[in-house]
Amino acid sequence: MGRAKKVVLAYSGGVDTSVCIPFLKKEWGVDEVITFAADLGQGDELESVRVKALLAGASQSLVGDLIKPFVEEFAFPAIRSNALYEGRYPLSTALARPLIARQLVEVAREVDADAVAHGCTGKGNDQVRFDVAIASLAPDLKVLTPAREWGMSREETIAYGERYGIPAPVSKQSPYSIDLNLLGRSVEAGPLEDPMSPPPEEVFAFTSSIDSAPEHGENIEITFECGNPVAIQGVRLDPVSIIREANRLAGLHGFGRLDIIENRLVGIKSREIYETPGLLLLIRAHQDLESITLAADVLRVKRELEMKWADLVYEGLWYGALKEALDGFIDRTQKHVNGVVKMHLKKGNAIVMGRNSSTNSLYLPEMATYGKEDVFDHQAAKGFIYVWGLPTRIWALLNRN
Ligand code: ARG
């Protein structure tokens, strides 16, 4: 593997990815580093990020607005899949990685680069997601991972950067490691590394605390079409605005915080704080709507496959064969998931209060009722139970002591 000449680097503006620029050039003999910063709705000032890369020695600094594809092609499928890793984490960080990888590859093709690079360390999940996604989209491109190999401590990294004109972080360094985008924030490290100590309020930015959430709750209504959220309070919104509005409402009422011990792909258990208000709200509503619109057997199989889907996304297999096959099943189920879910938001809770589907409800009032409109054939139950219980009765006859 000869040395790379032209490299496209995934760039965030932080110290690590900034140091990657001189490092790639001076230590690894790369001729040209072109940076790519993705706008995923994280709210950073990307013009200053763009300039930072140039000051650190990038020959070109590109910024791409990926918010719309992020929501439509990554967040919405996750909602349709009710994707919760280990039953809890809605994959806010994990979902962004295959998209950034796809864009890196696209930029690499445009500028005719022979490699791409990222600043992930060797301990996390993100390196796996990037490496596998890039390798599956562009097997011919090299993937350079300086931060996985340079072996510098935080202090050494900062000192190295200063030698090449990369200013040390000015504000008193936050002890936390934070990743954020439109779907949420993930916070790790510092005092959070003690799994027994509660997260300080300062780690949260998208959600109110229970104490500061309004005393009065709020009723909301979320409308879905083919499993996609399309309106809140009856007001139709485009996909990005739906996520923003769900974040606002849930965040205001203090819903969407998670404090979990999570199993990383590299075998480590880590303590993670997340706030993903909108995504968790929409998944809860969506799950509920499925309970009235999906056939019982379809729903059960889907619940099993959803876990698998979440694992695949977490484990960096977005572009794999099984993910594509599962999408086929999940998307087919979603054509029935049309309707409305009523919820009440209050002090950290998002409680489902009702659901209806005018086109796809499998709930038949005349079957369910205990009143005089009942049409269920009670006599038919007898024969059913005779057959249903037959094997158990035979077994019990033989084994009764
Ligand atoms: N544990 C989460 C995940 O694997 C969040 C990772 C955050 N990434 C980061 N580079 N800070 O999806």
Side-chain angles (χ1 to χ4, degrees), residues 38 40-41 66-103 105 125-126 129-130 132-133 136-137 181-184 186 222-232 237-247 256 274 276-291 293-294 298-299 301-339 341 360:
L40 294 160
L66 303 183
I67 302 180
K68 196 166 177 276
F70 184 40
V71 171
E72 293 176 356
E73 297 173 52
F74 295 82
F76 273 28
I79 293 168
R80 297 197 295 267
S81 305
N82 301 314
L84 298 171
Y85 177 65
E86 295 182 335
R88 299 201 278 180
Y89 162 48
L91 300 164
S92 45
T93 293
L95 287 164
R97 301 309 184 228
L99 173 58
I100 298 172
R102 187 175 87 186
Q103 204 60 30
V105 167
N125 297 312
D126 289 326
R129 298 169 184 149
F130 279 129
V132 174
S136 31
L137 295 172
N181 59 49
L182 182 68
L183 301 183
S186 118
I222 305 174
T223 309
F224 290 86
E225 283 173 13
C226 297
N228 297 314
V230 296
I232 296 185
L237 296 169
D238 64 83
V240 174
S241 306
I242 283 263
I243 298 284
R244 288 193 200 282
E245 180 61 1
N247 276 339
Y274 296 106
T276 51
L279 200 51
L280 283 175
L281 179 74
L282 294 168
I283 288 175
R284 184 169 291 186
H286 176 266
Q287 264 171 349
D288 193 273
L289 185 59
E290 286 188 332
S291 70
T293 53
L294 292 186
V298 172
L299 183 110
V301 170
K302 183 167 183 284
R303 292 291 177 265
E304 284 167 27
L305 297 180
E306 285 169 354
M307 271 195 271
K308 192 69 211 166
W309 196 95
D311 283 349
L312 292 176
V313 174
Y314 190 86
E315 293 165 357
L317 303 178
W318 182 273
Y319 296 109
L322 181 54
K323 159 75 172 42
E324 194 177 322
L326 290 182
D327 281 340
F329 172 82
I330 290 169
D331 288 349
R332 175 60 185 80
T333 64
Q334 296 301 291
K335 79 174 194 189
H336 306 281
V337 184
N338 302 293
V341 179
N360 300 86

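Below, each value reflects all heavy atoms present in this structure, side chains not excepted, and no hydrogens, waters or symmetry copies. Note that the numbering runs from 1 along the sequence shown for the chain.
- Looking only at side-chain heavy atoms (C-beta outward), Val301 and Phe329 come within less than 4.5 Å of each other.
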query: When you look at Glu304 and Lys308, which way does the side chain to side chain contact (heavy atoms under 4.5 Å, CB included) test go after all the steps?
result: CA-CA 7 Å; Glu304 284 167 27; Lys308 192 69 211 166; over 6 Å; no
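- Rounding to the nearest 0.5 Å places CD1 of Ile243 at 5.5 Å from CG of Leu282.
- Defined by atom type and a distance below 3.5 Å, a donor-acceptor pair is missing between the side-chain atoms of Asp311 and Tyr85.
- At least one side-chain heavy atom of Leu40 sits less than 4.5 Å from a side-chain heavy atom of Ile100.
- One side chain, Asn82 or Glu290, offers a donor N or O that lies under 3.5 Å from an acceptor on the other.
- Note on ring orientation: taking the six-membered ring where Trp is involved, the planes of Tyr274 and Tyr89 are parallel (angle under 30°, cut-offs 30° and 60°).
- For Asp126, the salt bridge (Lys or Arg N to Asp or Glu O under 4.0 Å) test picks out Arg97, Arg129, with sequence neighbours left out.
- A distance of 10.5 Å separates CG in Leu289 from CD1 in Ile222, rounded to the nearest 0.5 Å.
- Leu280 is listed as a side-chain neighbour of Leu84, based on a closest heavy-atom distance under 4.5 Å.
- Minimum heavy-atom separation, Thr276 to Gly184: CG2-CA, 4.0 Å.
- Ser241 contributes no side-chain N or O that, together with a main-chain N or O of Leu237, makes up a donor-acceptor pair within less than 3.5 Å.
- Counting heavy atoms from C-beta outward, Gln334 and Lys302 have side chains that approach closer than 4.5 Å.
- Between the CE atom in Met307 and the CD atom in Glu86 there is a gap of 11.5 Å [rounded to 0.5 Å].
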task: Kindly determine whether Leu182 and Arg244 satisfy side chain to side chain contact (heavy atoms under 4.5 Å, CB included), including the steps that lead there.
output: CA-CA 8 Å; Leu182 182 68; Arg244 288 193 200 282; 3.4 Å; yes
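- Counting only heavy atoms from C-beta outward, the side chains of Gln103 and Pro69 never approach each other to under 4.5 Å.
- Inter-residue side-chain proximity for Ile232 and Ile242 is flagged as met; some heavy-atom pair is nearer than 4.5 Å.
- Here the closest non-hydrogen pair linking Ala75 and Leu95 is CA-CD1, 4.4 Å.
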- prompt: Does the pair Val230 and Phe224 meet the rule for a side chain to side chain contact (heavy atoms under 4.5 Å, CB included), with working shown?
  reply: CA-CA 5 Å; Val230 296; Phe224 290 86; 6.0 Å; no
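- The heavy-atom pair separating Ile283 from Ala83 by the smallest distance is CD1-O, 3.7 Å.
- For Asp327, the salt bridge (Lys or Arg N to Asp or Glu O under 4.0 Å) test picks out Lys323, with sequence neighbours left out.
- Under the 3.5 Å distance criterion, the side-chain polar atoms of His286 are matched with a main-chain donor or acceptor of Ile79.
- Remark: the backbone N or O of Leu137 is not paired with any side-chain donor or acceptor of Tyr319 at under 3.5 angstrom.
- A distance of 7.5 Å separates OG in Ser92 from CZ in Phe70, rounded to the nearest 0.5 Å.
- Leu317 places none of its side-chain heavy atoms less than 4.5 Å from the side chain of Leu322.
- In the displayed structure, Glu324 atom CD is contacted under 6.0 Å by at most 12 heavy atoms of other residues, nucleotides or ligands.
- Salt bridge Glu306/Arg80: absent, no basic N to carboxylate O contact under 4.0 Å.
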query: For Glu73 and Arg102, what are the C-alpha separation, side-chain angles and deciding distance, and is it a salt bridge (Lys or Arg N to Asp or Glu O under 4.0 Å)?
result: CA-CA 12 Å; Glu73 297 173 52; Arg102 187 175 87 186; 2.7 Å; yes
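- You'll find the side chain of Pro229 reaches within 4.5 Å of the side chain of Phe76, heavy atoms only.
- Ile330 and Ser81 make their closest contact through CD1-OG, 3.5 Å (heavy atoms, listed as atom of the first residue, atom of the second, distance).
- With rounding to the nearest 0.5 angstrom, the OG atom of Ser186 is 9.5 Å from the CG atom of Asn181.
- Distance check, rounded to the nearest 0.5 Å: SG of Cys226 to CG of Asn360 gives 8.5 Å.
- Across every non-hydrogen atom of Asn247 and Pro277, the tightest pair is OD1-CG, 3.6 Å.
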